[in-house]
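Take a look at the structure set out below.
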2 protein chains.
Amino acid sequence: MLAPTEGELAILRVLWSDGPATVRAVNDRLNKTSDKPVGYTTTLKLMQLMADKGLVDRDTSARSHVYSAVAGQEHTQRGLLRRFVDSTFGGSRTQLVLRALGGGEASAEELAEIKRLIESLEKEDHHD
Amino acid sequence: MLAPTEGELAILRVLWSDGPATVRAVNDRLNKTSDKPVGYTTTLKLMQLMADKGLVDRDTSARSHVYSAVAGQEHTQRGLLRRFVDSTFGGSRTQLVLRALGGGEASAEELAEIKRLIESLEKEDHHD
DNA sequence: AAATATATACGAAGGATTTCGTAGTTGCAA
DNA sequence: TTGCAACTACGAAATCCTTCGTATATATTT
């Protein structure tokens, strides 16, 4: 599966959060969320290309086509994360996490949540 | 400060690990490390553009110019991380970390190291 | 000194991504 | 039915990034 570009990812995020949607719906959403306006045909073209690439499915039975994401958000995030870790942290997930948590930007709640996750992962390890 | 592209980042990683270096040295390093060969003038051009952008300093006193990274690795990683978290995880560092640690790819040692970091961060919190 | 190797500079091509205008079609309302 | 609104299709420009060829200058070797 091809990795989505930045623009494609913005569209996928709408489809993941809202479910299957028309170009109009996606474009409205992007313009509500984003800083700078996106033209309708720009979004249309991108979504058509995404359909060609197999990133989205397209239901053309109605006049307004309905698009839906093919790959799940989690799967896609994992792929993008792997690539990012490779290019920026030499493949070290630990370095990435250290950098993400360091610098005083993480709140106590975030830290606690991550600690809980780690402890549950450690428990899993012992089970097997 | 502008974010480096993929190609620029590959060069910066050489400069960070080896210190100030000539185009020749960087290009050799890239060709030793990477999978596919990179032409000398390709590296040269990229490094010239990086100098124009202010990503690297250039000492032109000798015939072979010596380049050095302007921004530190940590600072640059933080910037790239912020951008990545925004585009891929909607700005949630926690989601990023959960995704990085989930999926059974993290070893017990990695988890332990990250847990230690979190605990030291939590201690810092209580100090203030 | 001449030939060879190595440097920088730079234009330009190629590919990927994004953006937009315009043409043509279909549904709906006056 | 006529006209307006909304949709798809598509070509093409604009931008960014990468790659490379070539011109030119400078060192090094023979």
Side-chain angles (χ1 to χ4, degrees), chain A residues 1-14 20-31 33-68 76 79-80 83-84 86-88, chain B residues 1-14 20-31 33-68 76 79-80 83-84 86-88:
Chain A
M1 174 76 66
L2 228 58
T5 66
E6 287 274 312
E8 290 169 346
L9 187 56
I11 288 169
L12 286 176
R13 300 223 294 146
V14 173
T22 62
V23 173
R24 174 67 57 194
V26 170
N27 188 64
D28 286 354
R29 200 80 153 65
L30 290 178
N31 280 310
T33 308
S34 149
D35 35 338
K36 82 152 180 281
V38 188
Y40 174 82
T41 57
T42 299
T43 303
L44 169 66
K45 179 71 156 189
L46 257 179
M47 291 176 75
Q48 286 172 340
L49 292 174
M50 290 168 78
D52 292 346
K53 291 188 193 172
L55 253 39
V56 294
D57 273 340
R58 170 158 70 161
D59 176 352
T60 62
S61 60
R63 186 159 91 101
S64 290
H65 300 175
V66 175
Y67 294 74
S68 52
T76 302
L80 291 171
R83 166 186 290 229
F84 180 67
D86 284 348
S87 67
T88 304
Chain B
M1 176 76 66
L2 230 56
T5 67
E6 287 274 312
E8 290 168 346
L9 187 56
I11 289 168
L12 286 176
R13 300 223 295 147
V14 172
T22 63
V23 173
R24 174 65 59 193
V26 169
N27 188 63
D28 286 354
R29 201 79 154 65
L30 290 179
N31 281 310
T33 308
S34 150
D35 35 337
K36 82 155 184 281
V38 188
Y40 174 81
T41 56
T42 299
T43 304
L44 169 66
K45 179 70 154 187
L46 220 42
M47 291 175 76
Q48 286 172 339
L49 292 175
M50 290 169 78
D52 291 346
K53 292 186 193 173
L55 254 38
V56 294
D57 273 340
R58 172 156 71 160
D59 176 351
T60 61
S61 60
R63 185 160 91 101
S64 291
H65 300 175
V66 175
Y67 293 75
S68 51
T76 302
L80 292 171
R83 164 185 295 229
F84 179 67
D86 283 347
S87 67
T88 304

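Proteins get letters first, then strands, A, B, ... in listed order; numbering begins at 1 in each.
Between the CE atom of A:Met50 and the OG1 atom of A:Thr5 there is a distance of 7.5 Å, given to the nearest 0.5 Å. Going from atom CG of B:Leu30 over to atom CD1 of B:Ile11 covers 6.0 Å, rounded to the nearest 0.5 Å. Atom CG of residue A:Asn27 and atom CG of residue A:Leu44 lie 9.5 Å apart, to the nearest 0.5 angstrom.
Rounded to whole Å, atom P of D:dC16 lies 17 Å from atom CE of B:Met50. If you measure from atom CG of A:Leu46 to atom P of D:dA14, you get 19 Å, rounded to the nearest angstrom. Atoms CG (B:Leu30) and C1' (D:dC20) sit 16 Å apart, rounded to a whole Å. Note: CG (B:Leu2) to C1' (D:dC17) measures 13 Å, nearest angstrom. For the pair B:Leu55 CG and D:dT18 P, the interatomic distance rounds to 12 Å; values are reported in whole Å.
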Original post:
Once each nucleotide of nucleotides 4-11 of chain D is scored for protein heavy atoms under 4.0 Å, what B/S/- sequence comes out, 5' to 3'?
Top reply: --BSBBBB
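For the pair B:Pro20/B:Asp59, no side-chain contact is recorded, criterion being any heavy-atom separation below 4.5 Å from C-beta on. Looking at A:Val56 and A:Leu12, their side chains come closer than 4.5 Å, going by heavy atoms from C-beta outward. Side chains of A:His65 and A:Val23 form no contact here, defined as non-hydrogen atoms less than 4.5 Å apart.
For the residue pair B:Ala51 and B:Arg58, the shortest heavy atom distance occurs at CB-NE, 4.2 Å.
You can see that DNA chain C meets the heavy atoms of chain A within a 4.0 Å-exclusive cut from C:dT17 to C:dG27, reading 5' to 3'.
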Original post:
Is there a side-chain contact (heavy atoms from CB on, under 4.5 Å) between A:Arg24 and A:Asp28 once you walk through the steps?
Top reply: CA-CA 6 Å; A:Arg24 174 67 57 194; A:Asp28 286 354; 3.9 Å; yes
